[in-house]
Amino acid sequence: MQKFPMTGPGLTNLETELRHLKSEERPAIIRAIAEARSHGDLSENAEYHSARERQSFIEGRIAELEEIISAAEVIDPASLSGDTIKFGAQVELIDEETEKQVRYQIVGLHEADIKQGRLSVTSPLAKSLIGKKPGDTVSVPAPGGDRSYEIITVRFG
C-alpha cells in the first residue's frame, strides 16, 4: 500500500471534508433523489438525473478520501530541523528574473494549494528544492521557459 506523506493540518482538513460529505451531503442527495422520484417518469426527469450524477460524485469523493486518509503518513514539520529542504520545510525564494519574493511550505500531494503557499512535494519546483540549502539556486522547467530561484531561508515548524 502506498503511503501519502501529509502534515497534521492537511489530514485534519481531509477528515473534516469526509465528515461533511457523509453527514450532510450524502443525506441531502438521498432526499433530492427521493423527491425527484416522486415526480414520476424517471426517463425524462432532469432533476433525478442531476441528483444521481451528484450522488455518484459524492460517493466517489468519499471513497477517494477514505483511501487517502487510511494511507496517510503524518509528518510533523516542527519535529524536523536542519538547513536542507525536505518535506514540511517552509522556504523563502526569490525569482531571479522578476526579483519577486515567494514563500512556500512543501506539503503532501493531497493538501497542496498554491494560492495558500502550500506546494506539493511532487511538483517540479519542490522536487528541485529538496536537498538544497539557503544560498543555492535552482532552475525549474516552466511553460514559458526555465525559471531560476534563489533560496533565501529554510525553516521548520
Side-chain angles (χ1 to χ4, degrees), residues 1-32 50-157:
M1 174 187 241
Q2 179 185 1
K3 290 288 190 184
F4 298 111
M6 190 172 294
T7 63
L11 180 61
T12 301
N13 289 341
L14 293 180
E15 290 171 336
T16 300
E17 181 184 354
L18 180 61
R19 272 193 305 280
H20 172 75
L21 289 173
K22 284 182 165 182
S23 66
E24 294 178 32
E25 294 292 327
R26 184 186 268 168
I29 202 67
I30 289 170
R31 287 191 299 276
S50 173
R52 291 291 296 186
E53 283 180 24
R54 178 82 179 133
Q55 181 185 34
S56 177
F57 171 79
I58 289 170
E59 293 302 327
R61 182 65 178 156
I62 287 172
E64 178 184 28
L65 287 171
E66 287 174 338
E67 181 181 337
I68 293 166
I69 290 168
S70 70
E73 181 179 346
V74 177
I75 299 171
D76 181 9
S79 69
L80 304 173
S81 63
D83 61 351
T84 58
I85 298 173
K86 54 190 158 224
F87 180 89
Q90 295 178 20
V91 297
E92 198 170 316
L93 311 169
I94 290 184
D95 184 323
E96 293 189 331
E97 184 178 314
T98 64
E99 297 295 319
K100 183 179 175 188
Q101 195 166 328
V102 291
R103 194 174 275 155
Y104 297 114
Q105 179 179 21
I106 299 177
V107 298
L109 171 66
H110 301 289
E111 59 183 317
D113 182 349
I114 199 71
K115 291 178 184 173
Q116 299 293 319
R118 294 191 305 264
L119 185 65
S120 169
V121 71
T122 61
S123 71
L125 177 56
K127 286 179 178 180
S128 67
L129 290 170
I130 300 290
K132 303 290 192 281
K133 297 180 178 186
D136 290 350
T137 300
V138 296
S139 181
V140 182
D146 287 1
R147 304 290 299 241
S148 292
Y149 296 91
E150 181 182 347
I151 302 165
I152 305 302
T153 63
V154 176
R155 61 187 179 86
F156 297 92

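Along the sequence shown, residues are numbered consecutively beginning with 1. These figures come from a predicted structure and were not determined experimentally.
- Every residue meeting the side chain to side chain donor-acceptor pair (under 3.5 Å) condition with E17, not counting sequence neighbours, appears here in chain and number order: R61.
- For the atom pair CZ (R155) and CD (Q90), the distance works out to 4.0 Å, reported to the nearest 0.5 Å.
- Atom CG of L93 is separated from atom NZ of K100 by 11.5 Å, given to the nearest 0.5 angstrom.
- Nearest heavy-atom pair across F87 and I130 is N-CD1, 4.3 Å.
- Panel note: side chain Q105, backbone G88; a donor-acceptor pair is recorded below 3.5 Å.
- V107 places none of its side-chain heavy atoms less than 4.5 Å from the side chain of D113.
- Side-chain contact check for D136 versus I85: every heavy-atom pair is 4.5 Å or farther apart.
- Atom CD of E66 and atom CG of L14 lie 12.0 Å apart (nearest 0.5 Å).
- Among R26, H20, K22, the one residue that satisfies the side-chain hydrogen bond (donor to acceptor under 3.5 Å, both in side chains) test with E24 is H20.
- With sequence neighbours left out, the side chain to side chain donor-acceptor pair (under 3.5 Å) criterion links T122 to S120.
- Taking every heavy atom of both residues into account, L80 and F156 meet most closely at O-CB, 3.4 Å.
- Residues L109 and V121 have side chains not in contact (no heavy-atom distance under 4.5 Å, counting atoms from C-beta outward).
- Contacts of R52 classified as salt bridge (charged side-chain N to carboxylate O under 4.0 Å, His left out), with partners at least two apart in sequence or in another chain: none.
- Residues V140 and S128 come closest through the heavy atom pair CG2-OG, 3.3 Å.
- Taking 4.5 Å as the limit, some side-chain heavy atom of I114 sits within range of a side-chain heavy atom of L119.
- Contact check for V154 versus L129: no side-chain heavy atoms found under the 4.5 Å cut-off.
- A distance-only check finds no donor-acceptor pair linking the side chain of E25 to the backbone of I58 [under 3.5 Å].
- Note that the CG atom of L125 and the OG atom of S139 stand 10.5 Å from one another [nearest 0.5 Å].
- Separating the CD atom in E150 from the CD atom in E99 is a distance of 9.0 Å, to the nearest 0.5 Å.
- Remark: side-chain polar atoms of R147 are not paired, donor with acceptor, to backbone N or O of D95 under 3.5 angstrom.
- Nearest heavy-atom pair across P134 and I152 is CB-O, 3.5 Å.
- M6 places a side-chain heavy atom less than 4.5 Å from the side chain of I68.
- Atom CG of L21 is separated from atom OG1 of T16 by 11.0 Å, given to the nearest 0.5 angstrom.
- Between K86 and S81, the shortest heavy-atom distance links the atoms NZ-O, 3.0 Å.
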